[in-house]
Amino acid sequence: MRLLFCGSGWLPIVDLIAARLPPDATITAWDRRAPLASAVAEIDVLLPSDAVITPEVIAAAPRLRLIMQPAAGTERIDRASAIARGIPICNAPGTNHIAAAETALYLLLALARRAPLAARAFAARDVGVPLGVELAGKTLGVIGMGRVGTAVAERARGLGMTILPLGRGATVAERLAFLAASDAITIHCPLTAETRGMLDAAAFAAMRPGALVVNVARGAVIDRAALVAALAGDRLGGVGLDVHWDEPADPADPIYADPRVVALPHLGGSTAEAFTRIAEVVVDNLGRLTRGESLRHRVA
C-alpha cells in the first residue's frame, strides 16, 4: 500500500505515520514543484492536509482506495468525484483540539500585550512599553462551541474571562448583540456557506472599539477587505491569524506588516501530542481498510 502526504513540506506527522505502518506500506510526500495529479498514479491512499483534491487529481489516481484527511477539515476535497468512484473520505476530528485551543489563547495573549510592538521595543532597548490590556474581567465571545471552542472557553475562564458563546442558527440580531458585547472574539467554526465571510463590514462595525479578534478556524470566515478596512479605521485592537485566505500565506502581504496583526503559519494543530493522536487514527483506518472493516470518522 502506497500513501502520499500532500501537505506543505515533510511534517513530523509523516515520520510518526511511517513508524507505525506495516512492512508492506510506504508513505512519501508530494513534491510541490510538480502538479499533484502527476504524482498519484500509483497511490492507494491520499493524505490531503492543506492540498486541494480536485476531480482531476482523483481521476489521475486509478488505484486510489481512501482519502484520509489527517485533520478535521475536508472542504478542499471534491466529494462528488470521490463518491462517484466509491472512494471513502475520512478525517481525524478531536485529535488536535487542545493544541488549537492553546494556540487561540497564545494569540489572544499576544494581542493583549501587543507582541509585535513589544518586539520592536526590545530591539530599540526601550523598557516598559507598549501598554497592554488585561484579559481578566473581559468578555470573550466564542464563535463555535465544539471541541476547540469548548476547550478555549474552559481555559479562558481560568484567566478570569467571562464566556459568551455563539452557536449555529443565531439570527442576525443575535450575532450583532454578541459582537457588541464581546471585548475579544475567537473563531472556531467550520467554513460553510453560512460562515463564509461571517465577519464582514457590518460585523466589524458592530464590535466594541479596540476589540481583539482571533481566528484559528478557516481564513475565509473573515472577509479580508472588511478586515483591512476595520484596521484602517482603527476599529480593532488587534487580530491574531493562524489561518489565512491563501496558504501558505505571503509574508510580504501588507496586512501582516500592521503591528496590530499577529500571524502564525497555520500551526494550531501542530504539537507532538496532536500529531501522535492523528497518526494513530490514520494507521488504524489503514488497517480497517485492508481488513474490509468499517472506517472511523467517515464523512463521505
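Only this structure's heavy atoms are used, side chains among them; waters, hydrogens and symmetry mates stay out. What you see is a predicted model, and the numbers here were worked out from it, not measured in a lab.
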query = Should the heavy atoms of other residues, nucleotides or ligands under 6.0 Å from CG of D246 be counted, would the total exceed 12?
reply = no
task = Please tell me if the side chains of I58 and I53 come closer than 4.5 Å, counting only heavy atoms from C-beta onward.
result = yes
ask   = Using a distance-only test with no angle check, is there a side-chain donor-acceptor pair under 3.5 angstrom linking R79 and T74?
value = yes
request  = Return each pair, listed once, that meets salt bridge (Lys or Arg N to Asp or Glu O under 4.0 Å) where at least one residue sits in residues 267-286; pairs must be two or more places apart or across chains.
outcome  = D284-R288, D284-R296
query = Going by heavy atoms in the side chains, are L140 and L164 under 4.5 Å from each other?
reply = no
task = Please identify each residue that fulfils ring pair (Phe, Tyr, Trp, His ring centres under 6.0 Å) with H244, with sequence neighbours left out.
result = Y256
remark   = Rounded to the nearest 0.5 angstrom, the CG-CD1 distance for L64 and I43 is 9.0 Å
request  = Can you run down the side chain to side chain donor-acceptor pair (under 3.5 Å) pairs that involve residues 127-150, sequence neighbours left out, and say none if there aren't any?
outcome  = none
Pair R168-E194, salt bridge (charged side-chain N to carboxylate O under 4.0 Å, His left out): steps then yes or no = CA-CA 9 Å; R168 294 180 181 178; E194 178 187 4; over 6 Å; no
query = Pairs in or reaching into residues 58-71: which pass salt bridge (Lys or Arg N to Asp or Glu O under 4.0 Å), with residues at least two apart or in two chains?
reply = E42-R63, D44-R63
task = Kindly write out the residues that satisfy side-chain hydrogen bond (donor to acceptor under 3.5 Å, both in side chains) with S270, not counting sequence neighbours, or none if the list is empty.
result = none
key: side-chain contact (heavy atoms from CB on, under 4.5 Å) involving E56 - partner list, sequence neighbours excluded   = T54
message = I'd like to know if the side chain of D242 and the backbone of H266 have a donor-acceptor N/O pair within less than 3.5 Å.
response = yes
query = Testing V152, V148, L105 for side chain to side chain contact (heavy atoms under 4.5 Å, CB included) with T186, which one passes?
reply = V152
ask   = Should we count OH of Y106 as having more than 12 external heavy atoms under 6.0 Å?
value = no
